[in-house]
Amino acid sequence: MTLTLYNTLTRAKETFEPIDPANVRMYVCGPTVYDYAHIGNARPVIVFDVLFRLLRHLYGADHVTYVRNITDVDDKINARAAERGISIRELTEETARAFHEDTDALGVLRPSIEPRATEHIEEMLAMIGRLVKNHHAYAADGHVLFDVPSMHDYGELARRPLDEMKAGARVEVAPYKRDPMDFVLWKPSKPGEPGWDSPWGRGRPGWHIECSAMSWKHLGKVFDIHGGGIDLVFPHHENEIAQSRCCHGTDVMARYWLHNGFLQVEGEKMSKSLGNFIVIHDLLKDWPGEAIRLNMLRTHYRQPIDWTVAGLEESVKVLDGLYEAVGEADAGTPDEAVVAALCDDLNTPKAIAALHGLRNAAAHGDATAAAALKASANLLGLLAGTHTDWFAARKEAAHVDEATVEALIAARAAARKARNFAEADRIRDEIAALGVVLKDGPAGTTWEVTR
């Protein structure tokens, strides 16, 4: 099946043709580990996990290399460690561990390789040295800066006028810069800050060079796909392209650039000042990770998403229906309609619509549809658990006392047997008030939580 992807570099949907089908390579910018990841951070993690799963399905799990980095050297990290009175290493280890716990709960596969910036200083220094030698970078006042005017087609990804890019980047004004747009590749470290010896003095890398070095190390000079949030197009991804191309003398860094849209909360921009800043760690206390994931995928990845409680509630109900329909079926072969939707620039809303069709067939006893539903949902990172586990977790999360519910069901059954239907209805209403719905069937009465 043909995969098409929207390429930010060309502003068009293109047929995906890997450089080497035996080794499809993708790089996605990962977290800067100084605090819990927020829900906006979760969007690219989930989106590109779906793409990773799809590529593995199309080319084989052993033929896809997915690199998602960890930035563990950064000014925010230094500041947060100092604020908390702990070492930088302690902070980054703690935060990286929390990130993994959160993303595991969201059903996200671990990438093939997860490099840390601090483990790739040698590659960064090699790239910076080559850029200086090629006259694309210069040393000044303890810094090394990329010489933006030395690259004739700088800005091809953002496609914005230079003045607009300057304003958007809030460029640092510094007397040692030859041009206001020049950006830092290496900067001096103050006492107490992380630092490494270099030909330009003890210092640490700039943010952009980190991703260029790590992608080069693990994927080569040119690779297939580079992904991230739309906010990274400029300056981060633009500068990655500049560094990598000018260092290696290539026409491109990655052939396809994919970017997910912005996220807002209940119709407003997410910010701490508005009190709507949501971290994944806290969200998982109240909602199943699978519901968070489905809620994210119900909007196409390139579109803005409005994150709402109502959306989460609906996603939980959708999953209830899917798990009910699939039962304890084993995964079969993914449905062609689901795969086709995903191959159309990751059209997850269309893929989810196809899941509903399979659910309807499975709910009417179609075992083949149930197996296809399980496999198709797995391709989206959904229905990873069993029917039993899902509803058991739902009951536990709802804080419903099973003994109380079972006692009420028994009392209702006794009232119905005595033909005291008014009392049976009253008990049913009491059970509903607990957030429980009853299902009467030939085998007896079962129950599920509704919230």
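Every value quoted in this text rests on a predicted model; they were computed, and no experiment measured them. Index from 1, following the sequence.
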**Message:** Run the side-chain contact (heavy atoms from CB on, under 4.5 Å) test on Glu324 and Trp390 for me, step by step, so that the C-alpha distance in whole Å, both residues' side-chain angles and the decisive distance to 0.1 Å come before the verdict.
**Reply:** CA-CA 10 Å; Glu324 184 68 30; Trp390 169 258; over 6 Å; no
**Item:** Residues forming a side chain to side chain contact (heavy atoms under 4.5 Å, CB included) with Ala363, sequence neighbours excluded
**Value:**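 Residues passing side chain to side chain contact (heavy atoms under 4.5 Å, CB included) with Ala363: Ala325.
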**Worked verdict on Asp282 versus Lys285 for salt bridge (charged side-chain N to carboxylate O under 4.0 Å, His left out)** = CA-CA 5 Å; Asp282 291 339; Lys285 295 175 183 177; 3.3 Å; yes
**Asked** Just checking, any donor-acceptor pair under 3.5 angstrom between side chains of Tyr66 and Asp49?
**Response** no
**Message:** Under a plain distance cut-off of 3.5 Å, with no hydrogens placed, do Asp335 and Ser376 share a side-chain donor-acceptor pair?
**Reply:** no
**Request:** May I ask you to decide whether Lys350 forms a salt bridge with Asp344, counting only side-chain N to carboxylate O separations under 4.0 Å?
**Result:**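 Looking at Lys350 and Asp344, the cut-off is not met.
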**Request:** Validate the cation-pi geometry between Arg56 and Phe52: distance from NZ or CZ to the six-membered ring centre under 6.0 Å, angle to the ring axis within 45°.
**Result:**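 Yes, a cation-pi geometry holds between Arg56 and Phe52.
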**Request:** Please say whether the positively charged group of Arg302, taken as NZ for Lys or CZ for Arg, lies over the ring of Tyr6, i.e. under 6.0 angstrom from the six-membered ring centre and within 45 degrees of the axis.
**Result:** yes
**Request:** Would you please name every residue forming a side chain to side chain donor-acceptor pair (under 3.5 Å) with Arg255, sequence neighbours left out?
**Result:** none
**Prompt:** In this structure, which one of Glu114, Arg25, His120 forms a side chain to side chain donor-acceptor pair (under 3.5 Å) with His218?
**Reply:**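 The passing option is His120.
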**Request:** Using salt bridge (Lys or Arg N to Asp or Glu O under 4.0 Å) as the criterion, point out the one residue from Asp440, Asp425, Asp429 that pairs with Arg412.
**Result:**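 Of the listed residues Asp440, Asp425, Asp429, the salt bridge (Lys or Arg N to Asp or Glu O under 4.0 Å) partner of Arg412 is Asp440.
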**Item:** Ring centroid separation His387 to Tyr323 under 6.0 Å
**Value:** no
